[in-house]
Amino acid sequence: MPELPEVEAARLELEAGALGRRITSVDDHDTFVCRPHAPGELADALTGTTLTSAHRRGKSMWVDTDRGPVLGLHLGMAGRIAIDEEPDHWDRFAVGFADGGRMALRDKRRLSRAILDPDLSSLGPDAAEVSRGEFAQRVRRGRGPLKARLLDQSVVAGVGNLLADETLWRARLSPLLPASELRDDQAHALWRALRAATRDAIRMGGVHTGRLIVDRRHNRTCPRCGAELLRATVGGRTTFWCSREQAA
DNA sequence: ACCTATGTTGATAC
DNA sequence: GGTATCAACATAGG
């Protein structure tokens, strides 16, 4: 489930439940989730430290420790944070605290990541924070279809497949529109739609609460005008959009 | 059973 | 270098 809104919820869980607790054990045996680290590297760096703050940019999270090393966490496609829950078969990485509790990265699909001192240099500005001017400039820089630009984490960080469709639908823009040809008013509308869709998803509890997302499976009609929804692969992902309001 | 789909991202090929 | 495709993982559904 994790796009920006879900990751922000996970960050808040870390902030509320994991900070200030001293780590006394680390399970980093999953060499795929913990790549490129060898087993024990995360344990050596983190054991004895206390988590001090939890941050997020786009879909990437990182947690600072009182002794320097930074723990990077990414939820991948199906990961979530489990704090003080019973150990589970799907826990891919976990730390145990001195008070007996634990924090786990739980993920059936193993596409999540736990990594020391993560490199975030290729991430664009956070989708919930980016300014109107910077967004317009960055999104127009590329040549591909608009949706592909939104999904590119180096353009703006945090937009996934569902949030991209919801944002384009709110802005009444076609996902196929060449990004470099966006007019100023279109870029502005897209920026406003992105911020509104992101904020609403955070408030409502996730990207699945989006109006287009809710309806796309059911009636496959536009929740606003009732016209048929189109479906195609755009930017490598399944895409739904309104045949009337989002005409190219 | 087999094929497709799935919230992401990285490596690879043009 | 930007852009597109495929693979990585595991499960669910038609």
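Convention: sequence-line order gives letters A, B, ...; per-chain numbering from 1.
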- request: Remember a base hit wins even if backbone is also touched, and classify A:Ser112 as base, sugar-phosphate or nothing at under 4.0 Å, heavy atoms.
  value: nothing

task: In whole angstrom, give me the gap between the P atoms of B:dG7 and C:dT3.
output: 23 Å

- request: Please determine if A:Arg132 forms a cation-pi arrangement with A:Phe135, meaning its NZ or CZ atom is less than 6.0 Å from the six-membered ring centre and no more than 45° off the ring axis.
  value: no

Among B:dG7, B:dT6, C:dT3, the nucleotide that comes nearest once only the side chain of A:Arg231 is considered: B:dT6

field: Ring-face cation of A:Arg80 near A:Trp90 (centre distance under 6.0 Å, axis angle within 45°)
entry: no

field: Length of the line joining A:Arg237:CZ and C:dT3:P, which is rounded to integer Å
entry: 19 Å

query: So which nucleotide from B:dG7, C:dC9, B:dT9 ends up closest to the side chain of A:Leu111?
result: C:dC9

query: So what does A:Arg110 hit on the nucleic acid, given a heavy-atom distance under 4.0 Å: a base, only sugar-phosphate, or nothing?
result: sugar-phosphate

Protein-nucleotide distance (A:Asp152, atom CG; C:dG1, atom P), rounded to Å: 15 Å

query: Distance check: side-chain N/O of A:Gln153 vs OP1/OP2 of B:dT8, anything under 4.0 Å?
result: no

Bracket notation of DNA chain B in which parentheses pair within the strand, [ ] cross earlier pairs, and | pairs with another strand (Watson-Crick or G-U, under 3.5 Å): .|||||.|||||||

message: Is there, by distance only and without an angle test, a donor paired with an acceptor across the side chain of A:Arg109 and the base of B:dT6 below 3.5 Å?
response: yes

message: Can you measure A:Lys108 atom NZ to C:dG13 atom P for me and round it to whole angstrom units?
response: 10 Å

message: Counting the atoms with a prime plus P, OP1 and OP2 as sugar-phosphate, which does A:Gly142 contact under 4.0 Å by heavy atoms, base, sugar-phosphate, or nothing?
response: sugar-phosphate

- prompt: Expressed as a whole number of Å, how far does the P atom of C:dC9 sit from that of B:dT12?
  reply: 15 Å

message: Less than 4.0 angstrom from a charged side-chain N to a carboxylate O is my criterion; do A:Asp27 and A:Arg102 meet it?
response: no

Interatomic distance, A:Arg143 CZ vs C:dA4 P [rounded to whole Å]: 11 Å

field: Nucleotide nearest A:Thr238 when distance is taken to its side chain, options B:dT6, C:dA10, B:dG7
entry: B:dT6

task: Check whether any side-chain heavy atom of A:Leu177 sits under 4.5 Å from a side-chain heavy atom of A:Gln186, and report yes or no.
output: yes

- request: Could you check how far CZ of A:Phe32 sits from C1' of B:dT9, rounded to whole Å?
  value: 10 Å

- request: Give me the one residue out of A:Val33, A:Leu46, A:Leu42 that meets side-chain contact (heavy atoms from CB on, under 4.5 Å) with A:Asp28.
  value: A:Leu42

- request: Write down the distance between CZ (A:Arg113) and P (C:dA8), rounded to a whole number of angstrom.
  value: 15 Å

message: I'd like to know if the side chain of A:Thr52 pairs up with that of A:Asp66 as donor and acceptor (distance under 3.5 Å, no hydrogens or angles considered).
response: no

- prompt: So, for A:Lys147 and A:Asp165, which heavy atoms are closest and what is the spacing to 0.1 Å?
  reply: NZ-OD1, 2.7 Å

- request: Take atom CG of A:Asp107 and atom P of B:dG7, then tell me their distance rounded to the nearest Å.
  value: 15 Å

field: Atom-to-atom span, CG of A:Leu162 to C1' of B:dA5 - whole angstrom
entry: 13 Å

